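Notes follow once the structure below has been shown.
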Amino acid sequence: MQVTVSVNGEEHVREIEPRLLLVHLLRDELGLTGTHWGCDTSNCGTCVVLVDGEPVKSCTMLAATAAGHEITTVEGLERDGQLDPVQQGFHEQHGLQCGFCTPGMMLTARALLDRRAGGDPITDQEIREAISGQICRCTGYSTIVRSIRWAAEHPAGQAAEEVSP
Ligand code: FES
Ligand code: FES
């Protein structure tokens with residue numbers, strides 16, 4: 001079947017098997033390997049992408065059902081050469097080690113920050129609840145929570161030269 005999907009603001013047309021999962025469309029057909037693939041059983045959350053701004057585990061969604069929706073992958077977070085504040089937060093607060101869970105964590109964080117934009121300050125409890133469907137085997141979560149809090153406190157990010165090396 002033919003499917004047209006919009007990913008990071010760009011439309012793609014592909015001939016696919018109806019059973020193809022979104023994670024495989026993104027990685028194998030579109031070359032967007034920033035979306036990681038781990039358990040394939042909806043447990044780890046490393047495959048999270050945004051579908052119309054909401055986090056979705058892309059191993060649970062058929063690629064064909066992505067038609068008509070806007071998909072955002074980690075490659076779409078950077079804009080005009082400027083890192084998203086969430087990406088800067090992970091850099092500033094050392095929110096990753098091996099990086100396998102990181103794309104999904106960042107996208108869930110972006111959705112949380114967008115949802116709460118202009119509201120009361122986001123609490124660590126809210127951050128922990130938001131990422132509760134995602135597993136990190138490396139960091140113990142504290143640095144991830146700190147990274148997301150940093151992004152919440154720096155909604156405009158920082159100038160690139162201010163980011164620590
Ligand atoms: Fe999708 Fe693990 S690969 S939840
Ligand atoms: Fe390694 Fe999270 S940084 S799994």
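Atoms within a ligand are numbered from 1 in the order they appear, just like the ligands themselves. In this text, all values refer to a predicted model and were calculated from it rather than measured experimentally.
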Angle at atom 2 (Fe) of ligand 1 (to 10°), with one arm to SG of Cys39 and the other to SG of Cys44:
110°
For Asn43, the atoms of ligand 1 under 4.0 Å from one of its heavy atoms are 4 (S)
Ligand 2 atoms in contact with Cys101 (distance to a heavy atom under 4.0 Å):
2 (Fe), 3 (S), 4 (S)
Main chain of Ser132, side chain of Arg128: is a donor-acceptor contact present, judged purely on distance under 3.5 Å?
no
Donor-acceptor under 3.5 Å (Glu29 side chain, His24 main chain)
no
From atom 2 (Fe) of ligand 2 out to just under 2.8 Å, does an N/O/S atom of Cys136 turn up?
yes
Need the ligand 2 atom indices (1-based, order shown) with element for anything under 4.0 Å from a heavy-atom of Arg137.
4 (S)
Examine Cys47 and say whether one of its N/O/S atoms is closer to atom 2 (Fe) of ligand 1 than 2.8 Å.
no
When you measure from the side chain of Glu126 to the backbone N and O of Thr123, does any donor-acceptor pair fall under 3.5 Å?
yes
Tell me whether atom 2 (Fe) of ligand 1 has Cys59 as a neighbour, meaning an N, O or S atom of it below 2.8 Å.
no
Please assess Thr139 against Gln97 for the test side-chain hydrogen bond (donor to acceptor under 3.5 Å, both in side chains), listing each intermediate value before the final yes or no.
CA-CA 7 Å; Thr139 69; Gln97 287 184 40; 5.5 Å; no
What angle sits at atom 1 (Fe) of ligand 2 between SG of Cys98 and SG of Cys138, to 10°?
100°
Should the ring pair His36 and Phe100 be called parallel, tilted or perpendicular, given that the plane angle runs from 0 to 90° and is split at 30 and 60?
parallel
Check Asp40 against ligand 1 and report side chain, backbone, both or neither, counting heavy atoms closer than 4.0 Å.
backbone
Considering only NZ, NE, NH1 and NH2 on the basic side and carboxylate oxygens on the acidic side, decide whether Glu54 and Arg115 come within less than 4.0 Å.
yes
Exercise: identify the closest heavy-atom pair between Ala109 and Val86:
CB-CG1, 4.0 Å
For atom 4 (S) of ligand 1, what is the nearest protein heavy atom, given as residue, atom name and distance?
Gly45 N, 3.2 Å
Under 4.0 Å between heavy atoms, the region of Thr41 that gets near ligand 1 turns out to be neither
Sub-4.0 Å atoms of ligand 1 with respect to non-hydrogen atoms of Gly38:
3 (S)
Pair Thr73, Glu75 - check side-chain hydrogen bond (donor to acceptor under 3.5 Å, both in side chains), show working.
CA-CA 5 Å; Thr73 69; Glu75 289 91 346; 2.6 Å; yes
N/O donor-acceptor pair under 3.5 Å between Arg146 side chain and Gly95 backbone
no
For Asp84, does its backbone N or O pair with a side-chain atom of Glu78 as donor and acceptor, under 3.5 Å?
no
Can you list the ligand 2 atoms lying under 4.0 Å from a non-hydrogen atom of Gly99?
1 (Fe), 3 (S)
Identify, by atom number and element, the atoms of ligand 1 in contact range of Ser42, meaning under 4.0 Å from any of its heavy atoms.
4 (S)
Give the numbers and elements of all ligand 2 atoms closer than 4.0 Å to a heavy atom of Gln97.
3 (S)
